[in-house]
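First comes the structure, then the notes that go with it.
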Amino acid sequence: MRHPLEKFIRMEMLAIIGGLFAGIFAWITGWMFFLFLACYLFVFSMLSNVFILLYTHRASDAMKQVIRAVLLFLFLTSLFFYI
């Protein structure tokens, strides 16, 4: 039997690893697309962490994480359209 949080933990880890590889690739090649992809994957990992925190009844920590993720998403999106 699987752990109830396994899919959220797996989504979080895949987003972090994907963001790491996209960031390294962006650093090597200099492509801004992969830099933004890495940052958006990190935002997705933060949101996956929110689901884990909500499931474990830590709503105050989840709310702080949501605020961080939303602010980072808005900042990245505005930066994307500025460049």
Side-chain angles (χ1 to χ4, degrees):
M1 185 167 168
R2 291 186 175 193
H3 193 274
L5 297 176
E6 184 178 351
K7 63 181 174 182
F8 296 123
I9 293 169
R10 193 174 289 177
M11 284 187 338
E12 183 182 22
M13 290 306 297
L14 287 174
I16 290 172
I17 292 169
L20 179 68
F21 285 129
I24 290 171
F25 187 75
W27 182 52
I28 291 170
T29 61
W31 290 0
M32 293 298 288
F33 171 76
F34 286 104
L35 183 63
F36 281 108
L37 178 67
C39 292
Y40 282 126
L41 283 172
F42 289 135
V43 169
F44 181 72
S45 74
M46 292 171 95
L47 291 175
S48 299
N49 190 10
V50 167
F51 290 121
I52 294 169
L53 291 172
L54 284 175
Y55 193 81
T56 57
H57 305 292
R58 294 171 46 193
S60 62
D61 292 334
M63 207 54 195
K64 288 189 267 185
Q65 196 77 345
V66 165
I67 292 170
R68 286 183 191 124
V70 167
L71 287 175
L72 186 59
F73 178 80
L74 291 175
F75 175 71
L76 286 170
T77 304
S78 65
L79 188 64
F80 178 74
F81 287 116
Y82 180 73
I83 293 176

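In this chain, numbering begins with 1 at the start of the sequence shown.
The line from CG of L47 to CZ of R68 is 12.5 Å long, rounded to the nearest 0.5 Å. Here CZ of F44 is found 9.0 Å from CG of L14. Values are rounded to the nearest 0.5 Å. Considering NE2 of H57 and CG of L53, their distance stands at 12.0 Å, rounded to 0.5 Å. In this structure, CD1 in I9 is found 9.5 Å from CG in N49, a value given to the nearest 0.5 Å. Rounded to the nearest 0.5 Å, atoms CD (E6) and CD1 (I52) are 11.0 Å apart. Here F34 contributes atom CZ and L41 contributes atom CG; the two are 11.0 Å apart, rounded to the nearest 0.5 Å.
Under the 4.5 Å side-chain heavy-atom criterion for Ile, Leu, Val, Met, Phe, Trp and Tyr, I16 and L72 are members of distinct hydrophobic clusters. Under the 4.5 Å side-chain heavy-atom criterion for Ile, Leu, Val, Met, Phe, Trp and Tyr, L20 and I28 are members of the same hydrophobic cluster. Hydrophobic clustering of Ile, Leu, Val, Met, Phe, Trp and Tyr side chains at less than 4.5 Å, counting indirect connections, keeps L5 apart from M46. Criterion: ILVMFWY side-chain heavy atoms under 4.5 Å apart, direct or through other members. Under it, L71 and L76 are not part of a common hydrophobic cluster. Grouping the Ile, Leu, Val, Met, Phe, Trp and Tyr side chains by contacts below 4.5 angstrom, directly or via other members, places L37 apart from F21.
Annotation: ring-ring contact (aromatic ring centres under 6.0 Å, His included) contacts involving residues 59-83, sequence neighbours excluded, comprise F36-F80, Y40-F73.
Exactly one of E12, Q65, M13 qualifies for a side chain to side chain contact (heavy atoms under 4.5 Å, CB included) with S48. That residue is E12.
Closest of all the heavy-atom pairs between G23 and A38 is N-CB, 3.6 Å.
Listed by chain and number, the residues in a ring-ring contact (aromatic ring centres under 6.0 Å, His included) with W27 amount to none (sequence neighbours excluded).
By the 30° and 60° cut-offs, the orientation of the rings of F51 relative to F8 is parallel.
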